[in-house]
Amino acid sequence: MPTPDSVGRPIDALLASYAAGSLSRPLHTLVASQLILASENRGYVDALEALKGNELEQGAPVAVSARDAKLAAIFALPQENDTARQNGDDIFPAPLQDYIGRLAKDIPWRSKLPGLKEYVIEASEHGEASLLWIKPGAAMPVHTHEGTEVTLVLSGGFSDAYGDYDRGDVAFADESIDHKPIADPVEGCICFAVTDAPVRLTGPIGRIIDRLLRR
């Protein structure tokens, strides 16, 4: 698992936005799920929420524009549980399962590349939220990102030049990262990824595959 020093705590900004209630539903779901799978960030989020609560209590009352619409958006967010929902061998924490509306065994995977399957949960001009299944030991083509990708490992794990990621770990990637993830040789990897721009394959073979995928 990457240490805070090795990754520079890029997750802190995400956690702060989560505590402030300003994340999109896919990213809110990702953080809520990570807080269930791993406990190391819960204290940080609790502290941020407490600080925000103190600020609200000490501040002078002000009128809130579009109050009803904002309250409706808050109540529409998935509710977090402290433990993962028990559904046989299902791997989805409750917030993610609520977001997807399916158990892991019911996901209609679609083959994208040899050793890689995908299920797109949501896609828009603002990005994409999807599940990825990687065959045990499979190596993904070398690629970079045209924007930001946040990935939560749900089962198994993967490694790249930047670290090893196991269940509950969050990996960040952007245009500065050029990597080749390799799935755990025994368990493979299932993960939840939220992107705000397409992945771009690099290298001679990768560029050919990239052109075919974009047709």
Side-chain angles (χ1 to χ4, degrees), residues 1-59 70 73-74 76-84 91-100 121-122 124 126-132 143-179 181 189-199:
M1 175 178 176
T3 64
D5 290 339
S6 67
V7 295
R9 292 293 303 183
I11 197 173
D12 285 350
L14 195 65
L15 294 171
S17 296
Y18 173 84
S22 60
L23 291 176
S24 65
R25 186 179 181 191
L27 283 175
H28 180 97
T29 299
L30 187 147
V31 175
S33 298
Q34 198 275 339
L35 292 174
I36 288 175
L37 295 178
S39 63
E40 69 268 16
N41 293 317
R42 292 178 192 168
Y44 182 68
V45 170
D46 289 344
L48 289 174
E49 291 176 337
L51 286 173
K52 191 65 177 178
N54 290 336
E55 289 179 8
L56 292 174
E57 290 179 358
Q58 296 172 8
K70 290 178 179 177
I74 292 172
L77 291 171
Q79 299 299 306
E80 292 82 39
N81 296 325
D82 289 332
T83 57
I91 63 171
F92 296 158
L96 182 58
Q97 186 177 303
D98 290 341
Y99 175 48
I100 299 170
I121 305 165
E122 181 180 350
S124 70
H126 303 297
E128 184 174 283
S130 61
L131 295 171
L132 298 173
H143 65 273
T144 187
H145 302 264
E146 296 181 0
T148 301
E149 178 183 66
V150 185
T151 301
L152 171 65
V153 178
L154 301 170
S155 176
F158 72 90
S159 61
D160 61 15
Y162 302 92
D164 299 315
Y165 302 86
D166 302 311
R167 178 170 165 83
D169 288 341
V170 175
F172 293 82
D174 57 22
E175 64 276 1
S176 69
I177 300 294
D178 198 337
H179 63 159
C189 183
I190 296 177
C191 55
F192 173 45
V194 179
T195 61
D196 59 17
V199 169

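Taking the side chain as every heavy atom from C-beta outward, Tyr165 and Thr151 never approach each other to under 4.5 Å. Side-chain contact between Leu96 and Leu154: present, with at least one pair of heavy atoms (C-beta onward) separated by less than 4.5 Å. In this structure, the side chains of Tyr99 and Glu122 come closer than 4.5 Å at one or more pairs of heavy atoms. The shortest distance between side-chain heavy atoms of Ile100 and Leu131 falls below 4.5 Å.
To the nearest 0.5 Å, the span separating CG on Leu30 from CZ on Phe192 amounts to 5.5 Å. Expressed to the nearest 0.5 Å, how far CG of Asp98 lies from CZ of Arg25 amounts to 7.5 Å.
Residues meeting the side chain to side chain donor-acceptor pair (under 3.5 Å) test with Asp196, sequence neighbours left out: none.
Across all their heavy atoms, Gln34 and Gly168 have their closest contact at NE2-O, 3.1 Å. Summarising the geometry of Ile36 relative to Arg42, their closest heavy-atom pair is O-NH2, 2.9 Å, with the distance given to 0.1 Å. Closest approach of Ile11 to Phe172, counting heavy atoms only: CA-CZ, 3.5 Å. Here the closest heavy-atom approach between residue Cys189 and residue Phe158 is recorded as SG-CD2, 3.9 Å. Looking at every heavy atom in both residues, Asp169 comes nearest to Asp164 through OD2-O, 3.9 Å. Of all heavy-atom pairs between Thr29 and Pro95, the closest is CG2-O, 3.5 Å.
No side-chain donor-acceptor contact under 3.5 Å links Ser17 to the backbone of Leu23. Judged by distance alone, with hydrogens and angles left aside, the side-chain atoms of Arg167 form no donor-acceptor pair with the main-chain N or O of Val153 at under 3.5 Å.
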